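This report refers to the structure that appears directly beneath it.
Remember, predicted model here, so these are calculated numbers, not experimental data.
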Amino acid sequence: MRIETREGYEGTGPGAITPDGCAVELYARLPVGDEPDIIAAAVPAGAHILELGSGVGRVTHPLLERGFTVTAVDESADMLARVRGARTICGPIETLDLGERFDVVMLASFLVHAGDEEVRKGLLRTCARHVAEDGCVLIQREGPDYHTDVPRERVDPSGFTVRITSAEPVGDGVNSVHAEYVFPDAVWTQTFLARPLTKEQFESALAEAGLEVDSYLTPDGMWVRAVPAG
């Protein structure tokens, strides 16, 4: 089943494609990386995490195994159908208002780099609206060479290849990025819009939403813990 995609976003390959061009079957195959370890080290044990953009639960499930409670949000019902053991909520993240606050709000998968500035502002307002006063927001940023080290490819130990083949400017500081995922039995592609953000631009965007950086959690600055601005 193919559903309508957001403007500037496209996906190809077997199975359902989400509004931002992600392939559900692809994400069900992708292995989890070090994200659960980074998250677990940055937040209190047993915290209730609001995971924005959970997809099929690639990170959700390891967090549940570590004893966290997770509310998983995604705009794709096809993605959420793969999530087990977490409360799931289907809808756009940028307009989410649950009337609840959480120990931890997580915005991973480079969502903060959304090409549409209004979407990015909405995403960060959602983070601020749902984080407890003494809680934190974990955000995953792109690496510094994400848009310049192109083309590039990485062969995963499990036997598939990821390629970022192009990052072409489309105006207003936004690039159209094209990615390919090549497995022995299937190929998926995704084209999406991404806005590079300097550290200063990122921190300014946080401030606009009422958040501020507490710490950069990884040496590359890609994982950030933010808190409500004092």
*Looking at NE2 of His113 and CG of Leu123, how far apart are the two atoms once the value is rounded to the nearest 0.5 Å?*
11.5 Å
_Residues Asp156 and Arg29 bridged, charged N to O under 4.0 Å_ = no
*asked:* Strictly distance-based, threshold 3.5 Å: is any side-chain N or O of Asp116 a donor or acceptor partner for the main-chain N or O of Glu118?
replied: yes
*Consider only side-chain N and O atoms of Thr189 and His178, and report whether a donor and an acceptor are under 3.5 Å apart.*
no
*Pairing of Glu133 and Arg101 as salt bridge, 4.0 angstrom limit*: no
*Take Asp37 and Arg66 through the salt bridge (charged side-chain N to carboxylate O under 4.0 Å, His left out) test and state the conclusion after the steps.*
CA-CA 9 Å; Asp37 295 329; Arg66 284 166 168 77; 2.6 Å; yes
*Between atom CZ of Phe192 and atom CZ of Arg6, what is the distance when rounded to the nearest 0.5 Å?*
14.0 Å
*asked:* Let me check something: do Leu30 and Val187 share a hydrophobic cluster, defined by ILVMFWY side-chain heavy atoms less than 4.5 Å apart, either directly or through other members?
replied: no
*Considering only heavy atoms from C-beta outward, does the side chain of Glu25 approach that of Trp188 to under 4.5 Å?*
yes
*Please step through side chain to side chain contact (heavy atoms under 4.5 Å, CB included) for the pair Thr18 and Glu75, ending with a clear verdict.*
CA-CA 8 Å; Thr18 70; Glu75 67 180 358; 5.8 Å; no
*Closest approach of Pro169 to Asn175 (non-hydrogen atoms, all atoms of both residues)*: CA-OD1, 3.2 Å
_Run Asp220 and Thr218 through side chain to side chain donor-acceptor pair (under 3.5 Å) and show every step you take._
CA-CA 5 Å; Asp220 57 15; Thr218 51; 2.7 Å; yes
*Taking all non-hydrogen atoms of both residues, which atom of Pro14 and which atom of Ala186 are closest, and how far apart?*
CG-CB, 4.1 Å
*Report the relative orientation of the aromatic rings in Phe102 and His130; use parallel for angles under 30°, tilted for 30 to 60°, perpendicular for over 60°.*
tilted
*asked:* Under 4.5 Å between side-chain heavy atoms, counting indirect links through other Ile/Leu/Val/Met/Phe/Trp/Tyr residues: same cluster for Phe68 and Leu64 or not?
replied: yes
*Should Leu98 and Val104 be counted in the same cluster of Ile, Leu, Val, Met, Phe, Trp and Tyr side chains packed under 4.5 Å apart?*
no
*asked:* Are the side chains of His61 and Val32 in contact, using a 4.5 Å heavy-atom criterion?
replied: no
*Taking Gln140 for the side chain and Ser109 for the main chain, is one N or O donor matched with an acceptor at less than 3.5 Å?*
yes
*Test side chain to side chain contact (heavy atoms under 4.5 Å, CB included) applied to Asp74 and Val83, step by step*: CA-CA 10 Å; Asp74 204 278; Val83 175; over 6 Å; no
_What I want to find out is whether Glu142 reaches Arg195 closely enough, with some N-O distance under 4.0 Å, to be called a salt bridge._
no
*So which heavy atom on Val177 is nearest to which on Ala194, and how close?*
CG2-CB, 4.2 Å
*asked:* Less than 4.5 Å apart, side chain to side chain, heavy atoms only: is that true for Ile139 and Leu206?
replied: yes
*So Phe183 and Phe160, would you call those rings parallel, tilted or perpendicular, with 30° and 60° as cut-offs?*
parallel
*Please report the C-alpha distance between Val59 and Val70 in whole Å, then the side-chain angles of each, then the deciding distance to 0.1 Å, and finally whether the side chain to side chain contact (heavy atoms under 4.5 Å, CB included) criterion is met.*
CA-CA 10 Å; Val59 176; Val70 181; over 6 Å; no
*To the nearest 0.5 Å, how far apart are CD in Glu51 and CG in Leu107?*
10.5 Å
*asked:* Between Arg152 and Val150, is the side chain to side chain contact (heavy atoms under 4.5 Å, CB included) condition met? List the steps.
replied: CA-CA 5 Å; Arg152 64 180 181 274; Val150 178; 3.6 Å; yes
*asked:* I'd like to know if the side chain of Thr161 and the backbone of Val182 have a donor-acceptor N/O pair within less than 3.5 Å.
replied: no
*Following the transitive rule for hydrophobic clusters with a side-chain heavy-atom cut-off under 4.5 Å over Ile, Leu, Val, Met, Phe, Trp and Tyr, establish whether Val43 and Leu217 coincide in one cluster.*
yes
*Provide the closest heavy-atom pair for Ala72 versus Leu80 in the form atom of the first, atom of the second, distance.*
O-CD2, 4.0 Å
*Where the side chain of Thr126 meets the backbone of Gly122, is there a donor-acceptor pair that is under 3.5 Å apart?*
yes
_Test side chain to side chain contact (heavy atoms under 4.5 Å, CB included) applied to Tyr216 and Met222, Lys199, Arg225, the passing residue_ = Lys199
*asked:* Looking at every heavy atom in both Ala77 and Cys90, which two are closest together, and how far apart are they?
replied: N-SG, 3.6 Å
*Heavy-atom closest contact (Leu124 atom, Ala205 atom, distance)*: CD1-O, 3.7 Å
*Roughly how far, to the nearest 0.5 Å, is the CG atom of Leu138 from the CD atom of Glu35?*
12.0 Å
_I'd like to know if the side chain of Asp103 and the backbone of Gly135 have a donor-acceptor N/O pair within less than 3.5 Å._
no
*Rounded to the nearest 0.5 Å, how far apart are OG1 of Thr191 and CD of Glu180?*
9.0 Å
*Keeping the roles fixed (side chain from Arg129, backbone from Leu96), state whether a donor-acceptor pair exists under 3.5 Å.*
yes
*Should Ser54 and Met79 count as side-chain neighbours, where that means a heavy-atom distance under 4.5 Å?*
no
*Same cluster for Ile89 and Ile49 if Ile/Leu/Val/Met/Phe/Trp/Tyr side chains link at under 4.5 Å?*
no
*CD of Glu212 to CD of Glu203: how many Å apart, nearest 0.5 Å?*
10.0 Å
